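Remember, predicted model here, so these are calculated numbers, not experimental data. All chains are named by letter (A, B, ...) in the order of the sequence lines, taking the proteins before the strands, and each is independently numbered beginning at 1.
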Amino acid sequence: MSSAPSPPPNRKAKSKTVNAMGIITIEKAGEHEDQEVTLRGWLYNLRESGKLLFPIFRDGTGLIQGVVSQKEQPDAFAALRGLTQESSVEITGKIRREPRAPGGYEIGVSRVQVLQRVPESEPYPIQLKEHGVDFLLDRRHLWVRTPRQASILRIRAETSRAAREFMDSQGYTLTDAPIFTPAACEGTTTLFEVQYVDDEKAYLTQSGQLYVEALAAALGKVYCFGPTFRAEKSKTRRHLTEFWMLEPEAAYAHLEDMMTLGEGLVSHIVQSVLRNRAREIETLKRDASKLEPVKPPFPRITYEQALEILRQHGHDVKWGDDFGGDEETTLSQQFDRPVMIHRYPASIKAFYMEPDSARPDLALGFDVLASEGYGEIIGGGERISSYELLLKRLREQKLPEQAFQWYLDLRRYGSVPHAGFGMGLERVVAWICGTEHVREVIPFPRMIYRVYP
RNA sequence: UGGGGCGUGGUCCAACCGGUAGGACACCGCACUGUUAAUGCGGAUGGUGAAGGUUCGAAUCCUUCCGCCCCAGCCA
């Protein structure tokens, strides 16, 4: 460490990015031009050209190219030559501007300390070339080290951060819904059953909605944000068995209030990512011009208007049909930003949806379809506030009345109109990142038949 | 659960109307003082998902099983 000099005391701004040991992060390297610094990280790749080595280091914040000359830095040259991919290293050297280096800066390495050398007999399994999905998923614990995956996870973090920031700014209080629940929220077929204390059975939550409805009657405007679980045997690019959902719920709110909240939320997230994670969007080669128009207002069309559009584009859909993937793709391709579809037939929506008083065959529900065919990212609407109607629907659905008594209480004691929605975090991130599958946008995806690693 | 597709060296693929299983990358060595998933030359390793059947002969054809991918249903 003695080889890394302390920064000059008169350069306060720059000293902020140097810790007490003189160690900096790669993303801040440009602020240390012509200074000698120390980096801690891993060897990402090593190119060789005669008596010159071009190691590329990564430290989690970025990549930087190093240069080592055998003539000028014989010790560093000897330490790096033949070093294996992903070996952990601490290096010291001078940062300099270099247009030939990726990123614009490089480090002239003068000192190398290898913390752990990856043995040649068992080289790091993930190459810089192409791999199949199954191979990568089996090694997800290593796959996350690649720049593309790290960028996706940073965008995921920014999405969560911006989502909470927006909800808080709108006066919503974060309230946490339970993970263990006594009964299904919508149906019982997709629940994960777990053994609870003694002989009791419990289920992993498939939605926090019923609970945030209770909390909305207590606090006014609330939201929950956490994992949810569905045991559906869906093996598509849009499904995970464990995924994260943000669910706002507001007392005295109506369908239109939620549509306005939803478009504001999605827009704030997208604009925050574009502003704060531009480098990651670049790494992913995601076309930012597709995301720039994502600002309020989003187009709002009724289910019946959507039917018209679909028929004009050759889809054979009848009133009462739900939209499949092809239909969603066609609808989303009509607009440069997400589209909101509202007032679906009540028969294809959940039991707790409030009917439209002007058209009782329609439910006051809405979906937000992401652009470019990415499909549904938000689903929600107004909830039934009448005790009698809710009880009738529970019986029609043959749901266990006993387990829903507390939910019925919300209609017994000061029932009010209220509304909310659920936003699937992974679907939003997959759309923003332009990934093929939602499994890439959660650190350790849980899918049907896959719980490793 | 239904429909479609696919399982070949460590990885990504080729051979698949039956006839000696091959390439690229990775790994090791040599060369190269500005490389950009470096390049050139050389080297070692090592494979037909499993079981059964047809055949002189099966990666190839048939049956069953296993695993994976995509789509549909359901949903975020």
For A/Glu48 and B/A31, what is the distance between atoms CD and P respectively, to the nearest whole Å? 10 Å
Take atom CG of A/Asp367 and atom C1' of B/A76, then tell me their distance rounded to the nearest Å. 9 Å
Could you say whether A/Phe323 or A/Gly379 is positioned toward the 5' end of RNA chain B, judged by the nucleotide with the nearest heavy atom to each? A/Phe323
Would you kindly give the CD-to-P distance between A/Glu376 and B/G73, to the nearest whole Å? 12 Å
A/Arg139 charged N/C atom sitting above A/Phe135 aromatic ring, 6.0 Å / 45°: yes
Please pick, from B/U33, B/C68, B/G34, the nucleotide with the shortest atom-to-atom distance to any side-chain atom of A/Lys51. B/U33
Do A/Arg450 and B/C68 have a side chain to base donor-acceptor pair shorter than 3.5 Å? no
A/Leu261 side chain reached by A/Met167 side chain, heavy atoms, under 4.5 Å: yes
Taking 4.0 Å as the cut-off, does a side-chain nitrogen or oxygen of A/Lys71 come that near to OP1 or OP2 on B/U33? no
Polar atom pairs (N or O), protein with nucleotides 11-13 of chain B, under 3.5 Å:
residue	atom	partner	partner atom	Å
B/U11	O2'	A/Glu130	O	3.4
B/U11	O2'	A/His131	ND1	2.8
B/C12	OP1	A/Gly132	N	2.7
B/C12	O2'	A/Glu130	OE2	3.1

Side chain of A/Thr236 - closest among B/A76, B/A72, B/G34: B/A72
For B/U11 and B/G19, measure between their P atoms and round to the nearest Å. 26 Å
Search all heavy atoms of A/Leu240 against all heavy atoms of A/Arg439 and return the closest pair with its distance. CD2-CA, 4.0 Å
Between B/C75, B/C68, B/G34, which one does the side chain of A/Arg238 approach most closely? B/C75
What is the separation between atom CD1 on A/Ile56 and atom P on B/A37, rounded to the nearest whole Å? 8 Å
Short side-chain donor-acceptor distance under 3.5 Å, A/Thr260 and A/Arg300: yes
Could you pick out which residue, A/Asn45 or A/Gly424, lies toward the 5' side of RNA chain B when each is mapped onto its nearest nucleotide? A/Asn45
Considering residues, nucleotides and ligands other than A/Glu436, do more than 12 of their heavy atoms fall under 6.0 Å from its CD? no
Can you tell me how far P of B/G10 sits from CG of A/Leu142, to the nearest Å? 18 Å
Without hydrogens or angle criteria, can the side chains of A/Tyr352 and A/Glu213 be said to hold a donor-acceptor pair below 3.5 Å? no
Distance check, C1' atoms only: B/C62 and B/U54, in whole angstrom units. 7 Å
Atom C1', compared across B/C28 and B/G46: separation rounded to whole Å: 15 Å
Considering every strand and a 4.0 Å limit on heavy-atom distances, what is the contact class for A/Gln65: base, sugar-phosphate, or nothing? base
Rounded to whole Å, how long is the line connecting atom CD1 of A/Ile448 with atom P of B/C75? 17 Å
The single option from A/Lys392, A/Arg395, A/Arg393 that satisfies salt bridge (charged side-chain N to carboxylate O under 4.0 Å, His left out) with A/Glu401 is A/Arg395
Rounded to whole angstrom, note down the C1' distance from B/A44 over to B/C27. 9 Å
Does the gap between the ring centers of A/Tyr172 and A/Phe166 come in under 6.0 Å? no
Taking only the C1' atom of each, what is the distance from B/C13 to B/A31 in whole angstrom? 30 Å
Considering only heavy side-chain atoms of A/Glu98, the closest of B/C75, B/C69, B/G34 is B/G34
Looking at B/C71, B/C75, B/G34, which one has an atom nearest to any side-chain atom of A/Arg237? B/C71
C1' spacing across the pair B/A59 / B/U20, given as an integer number of angstrom: 14 Å
Evaluate the ring planes of A/Phe323 and A/Tyr303, with Trp represented by its six-membered ring, and classify them as parallel (under 30°), tilted (30 to 60°) or perpendicular (over 60°). parallel
Take atom P in B/A15 and the same atom in B/U8, then report the distance between them in whole Å. 14 Å
Return the nearest nucleotide to the side chain of A/Ser49; candidates are B/C71, B/A76, B/G34. B/G34
Round to a whole Å and report the spacing from CD of A/Glu120 to C1' of B/U45. 15 Å
P-based separation of B/U60 from B/G9 [nearest Å]: 15 Å
Give the rounded distance in Å between these two atoms: CG of A/Leu43 and C1' of B/A37. 14 Å
For RNA chain B, which ranges pair as stems of 3 or more consecutive Watson-Crick or G-U pairs, with both donor-acceptor distances under 3.5 Å? B:1-7 with B:66-72, B:10-13 with B:22-25, B:27-31 with B:39-43, B:49-53 with B:61-65
Given the rule in the side-chain contact (heavy atoms from CB on, under 4.5 Å) test, do A/Glu328 and A/Ser332 qualify, once you have shown the distances and angles that lead to the verdict? CA-CA 6 Å; A/Glu328 288 188 352; A/Ser332 72; over 6 Å; no
Side-chain donor/acceptor contact of A/Glu106 with base of B/G34 under 3.5 Å: yes
Using a 4.0 Å heavy-atom cut-off, does A/Leu240 contact any base of the nucleic acid, only the sugar-phosphate backbone, or nothing at all? base
Hey, does A/Gly325 reach any base, or is it just sugar-phosphate, or nothing, if we go heavy atoms under 4.0 Å? sugar-phosphate
Of all the choices, B/A76, B/G34, B/C68, which nucleotide is nearest to the side chain of A/Tyr449 once you look at every atom? B/C68
Would A/Phe243 count as stacked on B/A76 if the rule is ring centres under 5.5 Å and plane angle under 30°? yes
Any base atoms under 4.0 Å from A/Pro102, or only sugar-phosphate, or nothing? Heavy atoms, all strands. base
Parallel, tilted or perpendicular: rings of A/Tyr211 and A/Trp406 (30°, 60°): parallel
Taking it one step at a time, do A/Phe421 and A/Met259 satisfy side-chain contact (heavy atoms from CB on, under 4.5 Å)? CA-CA 9 Å; A/Phe421 63 77; A/Met259 292 169 76; over 6 Å; no
Considering only heavy side-chain atoms of A/Arg81, the closest of B/C30, B/C75, B/C68 is B/C30
